[in-house]
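Data block below; observations after.
Note that the structure is a prediction, hence the values are computed from the model and not measured. Every heavy atom of this structure was used, including side-chain atoms; hydrogens, water molecules and symmetry mates were not.
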Amino acid sequence: MPEAIPASSVIHRLKNHIAIVVGFSELLLADCAPDDPKRDDIAEVLKAAQAAMAMMPEVDKCVRS
């Protein structure tokens with residue numbers, strides 16, 4: 001049976017992955033022209049990743065309670 005991973009470790013790793021999505025989305029937006037058809041899609045990915053990151057404190061509270 002695989003060894004259990006502490007919830008705090010999972011949350012930390014998840015935050016790292018979300019931070020990568022946020023960072024690359026910001027870089028892509030900075031390189032996009034205002035009329036680039038991909039701009040709206042990239043902005044939506046960024047918005048979703050920021051919302052996921054904003055939820056992390058709540059997830060952490062749930063895990064610790």
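Residue pairs meeting the side-chain hydrogen bond (donor to acceptor under 3.5 Å, both in side chains) criterion with at least one partner in residues 24-35, sequence neighbours excluded, do not occur; the list is empty. Among pairs with a residue in residues 39-62, those fulfilling side-chain hydrogen bond (donor to acceptor under 3.5 Å, both in side chains) read Asp60-Arg64, at least two apart in sequence or across chains.
Leu46 and Val21 are not part of a single hydrophobic cluster, where members link through side-chain heavy atoms under 4.5 Å apart. Hydrophobic clustering (ILVMFWY, side-chain heavy atoms < 4.5 Å, transitive): Val22 and Leu14 are in one cluster.
Other cluster members for Leu27: Ile20, Phe24, joined by side-chain heavy-atom distances under 4.5 Å among Ile, Leu, Val, Met, Phe, Trp and Tyr.
We find the CD1-CG distance between Ile42 and Leu29 to be 5.5 Å, quoted to the nearest 0.5 Å.
Annotation for Ala49 and Ile18: closest pair O-CG2, 3.3 Å, computed over non-hydrogen atoms.
Around CE of Met56, the count of heavy atoms belonging to other residues, nucleotides or ligands within 6.0 Å exceeds 12.
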